[in-house]
**Q** 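Below is one structure. I have some questions about it.
The residues of the chain are indexed from 1 along the displayed sequence.
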Amino acid sequence: MTLKPATALAHPNIAFIKYWGNRDNDLRLPSNSSISMNLDGLFTRTTVTFSASFKTDSLRIGKKSIPGSGLGRVNDILDLVRELAGISEPAEVVSENNFPSSAGVASSAAAFAALALAASHAAGVTLTEHELSRLARRGSGSACRSIPGGFVEWHAGIEEADSFATSIAPPEHWDLVDCVAIVSAVRKKTGSTEGHAVAATSPLQAARVADAPRRLDLVRQAVLERDFDTLATVAELDSDMMHAIMMTSNPGLFYWQPASITIMESVRDWRASGIPVFYTVDAGPNIHVICPQQQAQSVERRVRELPGVNDVLVANSGGPAQIVS
Ligand code: PMV
């Protein structure tokens, strides 16, 4: 039997309060809750077809067929969906990003959000937003935040069933812009899955996690009240704290490059001179430079002029993951 194919689209997201470290690595239950903004304009589009005529699951990303051994986490999500739907048909997954994967922007959040939505739809199961967010989380923790729209909080939860993300404000609530300064497109040596697994080896992780509820409250309130100064101060602190964990874990993970530090210093100088702007950095050398729409053009221009910046991607706050056909 061939079930009807489904195509879903999802955006990546940028966290203002970061997720780093799990209480349960297999279930991807995080050590702390996190808050992010979806990135409009950048997306992954994924089509899933279940059919008894396929011998095995297959995956194509762009023009590239991924060999069976590379299917790992995609297989896991397909298995979870088959279990929910009570079907056994293999699936064909065809996925593409509208941003070059060589841009070095984390695409796993958008990828697993689009996969969870397309696969469940194609298997004929209707999931609530909470259930979809939980399913996406199993592929990549941050993917659970790309299911709801706009500004999103992932509630760490106590157990598997209550660890999912919800929207705290729609995209139009605040016209923030993310100018992503691309410093390097080289694939990172240590991915986030391995990084989460060693977070607890840093003697600083316990302090970061213990202080997370305070930072979350400040950032949630700052988003709701469109309080840029508080968001800027706390989001930068949170990013710096996560990188301190990375650097002091065993093995130590150093994601910044010299150009990354130049950009962060410039952003701090610009803010000190009165420009509303801040940075936040994921598990890589590229710097997300966030500002209100009104300053976006001039901030983008300034970022482009900095040494070591190869390109700048610009994204407004984006909506939820959606079925597009
Ligand atoms: O979802 P993962 O396993 O790729 O982890 C994402 C971790 C960071 O991007 C560094 C932080 C975050 O909260 O997005």
Side-chain angles (χ1 to χ4, degrees), residues 3-15 19 28 36-50 57-66 70-82 84-85 90-101 103-150 152 154 164-167 171 178 180 191-193 282 313 315-325:
L3 292 145
K4 221 164 148 251
T7 302
L9 186 148
H11 302 294
N13 64 73
I14 180 66
Y19 147 58
R28 295 179 195 271
S36 60
M37 175 179 97
N38 283 355
L39 300 178
D40 195 32
L42 310 179
F43 62 80
T44 299
R45 186 200 311 267
T46 298
T47 302
V48 177
T49 312
F50 287 98
D57 290 337
S58 67
L59 169 64
R60 208 172 73 223
I61 302 179
K63 291 195 172 66
K64 215 167 133 197
S65 282
I66 310 295
L71 253 62
R73 288 192 267 166
V74 170
N75 252 137
D76 296 346
I77 297 295
L78 293 171
D79 282 344
L80 285 167
V81 169
R82 276 187 286 254
L84 284 168
E92 177 194 73
V93 179
V94 179
S95 192
E96 57 176 5
N97 294 328
N98 79 332
F99 50 101
S101 52
V105 170
S107 52
S108 67
F112 281 103
L115 176 65
L117 182 54
S120 54
H121 221 261
V125 280
T126 309
L127 299 180
T128 63
E129 189 182 86
H130 293 179
E131 289 165 337
L132 271 172
S133 179
R134 282 167 53 203
L135 180 61
R137 192 199 77 226
R138 301 288 289 273
S140 164
S142 59
C144 78
R145 297 190 310 241
S146 283
I147 294 287
V152 171
W154 172 10
F164 52 77
T166 56
S167 180
D178 183 2
V180 193
S192 47
T193 299
D282 281 344
L313 302 178
N316 293 75
S317 58
Q322 282 171 38
I323 288 291
V324 287
S325 75

**Q** If you define the side chain from C-beta out and look only at heavy atoms, does anything of Arg45 sit under 4.5 Å from Asn98?
**A**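 No, every pair of side-chain atoms sits at 4.5 Å or beyond.
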**Q** Out of curiosity, Leu115 CG to Ser120 OG, how far, rounded to the nearest 0.5 Å?
**A** 9.0 Å
**Q** Distance check, rounded to the nearest 0.5 Å: Leu135 atom CG versus Leu80 atom CG?
**A** 6.0 Å
**Q** Answer yes or no: is there a side-chain heavy-atom contact under 4.5 Å between Leu127 and Leu84?
**A** yes
**Q** Using 0.5 Å steps for rounding, measure from the OG atom of Ser146 to the CZ atom of Phe112.
**A**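 With rounding to 0.5 Å, OG (Ser146) is 12.0 Å from CZ (Phe112).
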**Q** Minimum heavy-atom separation for Ala109 and Ala143, please, with both atom names.
**A** O-CB, 3.3 Å
**Q** Return the OG to NE2 distance between Ser317 and His11, rounded to the nearest 0.5 Å.
**A**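 Here the interatomic distance stands at 9.5 Å.
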**Q** Are Leu78 and Val93 close enough that some pair of their side-chain heavy atoms sits under 4.5 Å apart?
**A** yes
**Q** Between Ser107 and Phe99, is any pair of side-chain heavy atoms under 4.5 Å apart?
**A**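 Of all side-chain heavy-atom pairs linking Phe99 with Ser107, at least one is under 4.5 Å.
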**Q** Where the side chain of Asn13 meets the backbone of Ser142, is there a donor-acceptor pair that is under 3.5 Å apart?
**A**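 Such a contact is found between Asn13 side chain and Ser142 backbone.
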**Q** Closer than 3.5 angstrom, by distance alone: can the side chain of Ser167 be matched with the main-chain N or O of Gly150 as a donor-acceptor pair?
**A** no
**Q** Ignoring hydrogens and geometry, is there a side-chain-to-backbone donor-acceptor pair from Asp76 to Gly139 under 3.5 Å?
**A** no
**Q** Once you round to the nearest 0.5 Å, how far does CG of Leu59 lie from CZ of Arg73?
**A**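 These two atoms lie 12.0 Å from each other.
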**Q** Give the ring-plane orientation class for His130 versus Phe164, where under 30° counts as parallel, over 60° as perpendicular and anything between as tilted.
**A**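 Plane angle under 30°, so parallel.
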**Q** Taking side chain to side chain donor-acceptor pair (under 3.5 Å) as the definition, give me every residue that meets it alongside Asp57, ordered by chain and number, with sequence neighbours left out.
**A**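 Listed in chain order: Asn75, Arg82.
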**Q** How long is the span from the CG atom in Asp40 to the CG atom in Asp178, to the nearest 0.5 Å?
**A**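 So the gap between those two atoms works out to 11.5 Å.
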**Q** Does Arg28 reach the side chain of Thr193, with side-chain heavy atoms less than 4.5 Å apart?
**A**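 Yes, side chains in contact.
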**Q** Sort and list the pairs that fulfil salt bridge (charged side-chain N to carboxylate O under 4.0 Å, His left out) and have at least one residue in residues 316-325, not counting sequence neighbours.
**A**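 Residue pairs with at least one partner in residues 316-325: there are none.
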**Q** For the residue pair Ala85 and Ala123, what are the closest heavy atoms and their distance?
**A** CB-O, 3.6 Å
**Q** Is the shortest side-chain heavy-atom distance between Ser95 and Thr44 below 4.5 Å?
**A** yes
**Q** Between Thr7 and Ile323, is there a side-chain heavy-atom distance shorter than 4.5 Å?
**A** no
